Number of protein chains: 2
Amino acid sequence: MSIIFSRQCEYALQAVTYLALKTNGEMTSIKELAKKLGIPYHFLGKILQDLTYKGLLVSQKGPSGGFRLAMPAKDITLFHVVEAIDGVGFTKNCVLGFPDCSGQNPCAVHEKWAGLRDGIYSMLVNKNIAQIAKETRKPEYV
Amino acid sequence: MSIIFSRQCEYALQAVTYLALKTNGEMTSIKELAKKLGIPYHFLGKILQDLTYKGLLVSQKGPSGGFRLAMPAKDITLFHVVEAIDGVGFTKNCVLGFPDCSGQNPCAVHEKWAGLRDGIYSMLVNKNIAQIAKETRKPEYV
DNA sequence: ATAATTTAAGATAAGAAAGTCTGATTATGA
DNA sequence: TCATAATCAGACTTTCTTATCTTAAATTAT
Ligand code: FES
Ligand code: FES
């Protein structure tokens, strides 16, 4: 099966965009996120913990605790999340799996792929998640 | 780690483009492919077996046996290989991992991603592997 | 015929990713 | 204070992917 981002990363992206919808400093619990997004509870817990450790989220224990963004939504992009979970390998790897990807040693589709790869990068950085939250219409988020 | 195609699929793509360089009906052994491309011998064997089963390659046992393309290189695209190994899921899945990806139920980057996805598809179908073989300069292939 | 070479096939192992479970810790609010 | 609700942390299990090993079957050339 072909994939772009790991499942962990997909979950993280969904969770962060969901958190972006909570405008005031409100905390959101793992329970709510897991339920609304259909993500396994404990697995999501690990991921949020990870994002907290990486500085993207802030957590709070106890009743009415949970997670919120560590900074204004306009300062976070999807790329920050991908970077934190999957790393930035996809921005420089050969799509055919050759060990060295560069203009010096291009595979048959290197030029084309380099362009698409940049396009994916742009997709991830050109909108902050405040904008993304505003445009979101997924039923999962309601 | 983010990836586009499975490692199996990458190996398959590399092997098929390598086979495309053998113009006359010549057979190529797993040994040669594994050595030149740096792919684990037995693992590659399985993959080539699979591609044979799927009809992309023809195999021959015994001394001077091996594998060759089952049809003229101009009739095969990278997409055929991806389709055979990883399937076509990537042409229709949401990049953020949402279960339903469509214009009816778009995520925040659906429009952008749909375009890039088409670009990847084009990259895979717009050249046949005869053309690809001709343009290839990877040292692995020499 | 027979020895050598090659793919076919299946079992198994090793590793990574995904998911689960349990108990500890921390904070809230009655 | 004390029960409750939440994250934190670690071990564990399951599943999938990748890789290895071994034997069988087929083909070729001697
Ligand atoms: S070498 Fe293949 S994409 Fe760059
Ligand atoms: S819904 Fe996300 S890419 Fe289509």
Side-chain angles (χ1 to χ4, degrees), chain A residues 1-15 19 22 25-35 37-70 82 84-87 89 97 99, chain B residues 1-15 19 22 25-35 37-70 82 84-87 89 97 99:
Chain A
M1 191 49 159
S2 312
I3 61 164
I4 306 293
F5 303 124
S6 71
R7 187 165 286 172
Q8 273 197 57
C9 192
E10 292 177 348
Y11 290 164
L13 289 163
Q14 294 178 23
L19 289 178
K22 305 294 180 78
E26 187 185 353
M27 290 288 193
T28 307
S29 68
I30 303 176
K31 192 156 82 175
E32 175 179 343
L33 283 160
K35 192 165 195 176
L37 299 172
I39 301 173
Y41 180 90
H42 290 95
F43 193 34
L44 179 57
K46 299 266 176 239
I47 297 167
L48 297 177
Q49 222 172 298
D50 206 1
L51 290 172
T52 303
Y53 176 78
K54 297 276 173 54
L56 268 73
L57 303 182
V58 166
S59 70
Q60 166 106 43
K61 288 182 181 175
S64 80
F67 296 84
R68 64 171 173 78
L69 302 178
V82 172
I85 303 293
D86 274 356
Chain B
M1 190 49 158
S2 312
I3 61 165
I4 306 293
F5 302 125
S6 71
R7 186 167 266 156
Q8 273 197 56
C9 192
E10 292 177 348
Y11 290 164
L13 289 163
Q14 293 178 25
L19 289 176
K22 304 295 180 77
E26 186 183 352
M27 289 289 192
T28 307
S29 68
I30 303 177
K31 191 156 81 175
E32 175 179 343
L33 284 159
K35 191 165 197 174
L37 299 172
I39 301 174
Y41 181 91
H42 291 94
F43 193 35
L44 180 57
K46 299 268 178 232
I47 297 168
L48 297 176
Q49 220 173 300
D50 205 2
L51 290 172
T52 303
Y53 177 78
K54 297 275 173 54
L56 268 72
L57 303 182
V58 166
S59 72
Q60 165 105 46
K61 288 181 181 175
S64 80
F67 297 83
R68 64 170 173 79
L69 302 179
V82 172
I85 303 294
D86 274 356

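Order of the sequence lines fixes the chain letters, A, B, ..., with proteins taken first and strands second; residue numbering starts at 1 for each chain. Bear in mind the structure is a predicted one, so any value in this text is a computation, not a measurement. What's counted below: heavy atoms across the whole structure, side chains too, no hydrogens, waters or symmetry copies.
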Annotated protein contacts, base or backbone, on nucleotides 10-17 of chain D with a non-hydrogen cut-off under 4.0 Å, one of B, S, - each: BB------
Quick tally for nucleotides 24-30 of chain C: nucleotides whose base has a protein heavy atom under 4.0 Å get B, sugar-phosphate-only ones S, the rest -, giving -BBBB--
Contact under 4.0 Å: [X] side-chain N or O vs [N] OP1/OP2:
X: A/Tyr41; N: D/dA6; answer: no
X: B/Thr52; N: C/dT7; answer: no
X: B/Tyr11; N: D/dT18; answer: no

For [X] and [N], give me the distance from atom [atom1] to atom [atom2], rounded to whole Å.
X: B/Ile47; N: D/dT20; atom1: CD1; atom2: P; value: 12 Å
X: A/Glu10; N: C/dG19; atom1: CD; atom2: C1'; value: 15 Å
X: A/Leu51; N: D/dC8; atom1: CG; atom2: P; value: 11 Å
X: B/Gln49; N: C/dT6; atom1: CD; atom2: C1'; value: 12 Å
X: A/Leu44; N: D/dC8; atom1: CG; atom2: P; value: 12 Å
X: A/Asp50; N: C/dA18; atom1: CG; atom2: P; value: 13 Å
X: A/Phe5; N: C/dA18; atom1: CZ; atom2: C1'; value: 19 Å
X: A/Met27; N: D/dT7; atom1: CE; atom2: P; value: 10 Å

Categorize [X] for me: base, sugar-phosphate, or nothing, with a 4.0 angstrom heavy-atom threshold over every strand shown.
X: B/Leu48; result: nothing
X: A/Gly66; result: sugar-phosphate
X: B/Tyr53; result: nothing

What I'd like to find out is whether the side chain of A/Leu56 reaches to under 4.5 Å of the side chain of A/Leu69, using heavy atoms alone.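 No; the side chains remain at least 4.5 Å from each other.
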Do the non-hydrogen side-chain atoms of B/Leu37 and B/Tyr11 ever get within less than 4.5 Å of each other? no
Spacing of [atom1] belonging to [X] relative to [atom2] belonging to [Y], to within rounding of 0.5 Å:
X: A/Lys31; Y: A/Leu33; atom1: NZ; atom2: CG; result: 12.5 Å
X: B/Phe67; Y: B/Leu48; atom1: CZ; atom2: CG; result: 4.5 Å
X: B/Glu32; Y: B/Leu44; atom1: CD; atom2: CG; result: 11.0 Å
X: B/Leu13; Y: B/Ile47; atom1: CG; atom2: CD1; result: 10.0 Å
X: B/Thr28; Y: B/Lys22; atom1: OG1; atom2: NZ; result: 3.0 Å

Would B/Asp50 and B/Lys54 pass as an ion pair if we require N to O under 4.0 Å? yes
Keeping the roles fixed (side chain from A/Asp86, backbone from A/Ser6), state whether a donor-acceptor pair exists under 3.5 Å. yes
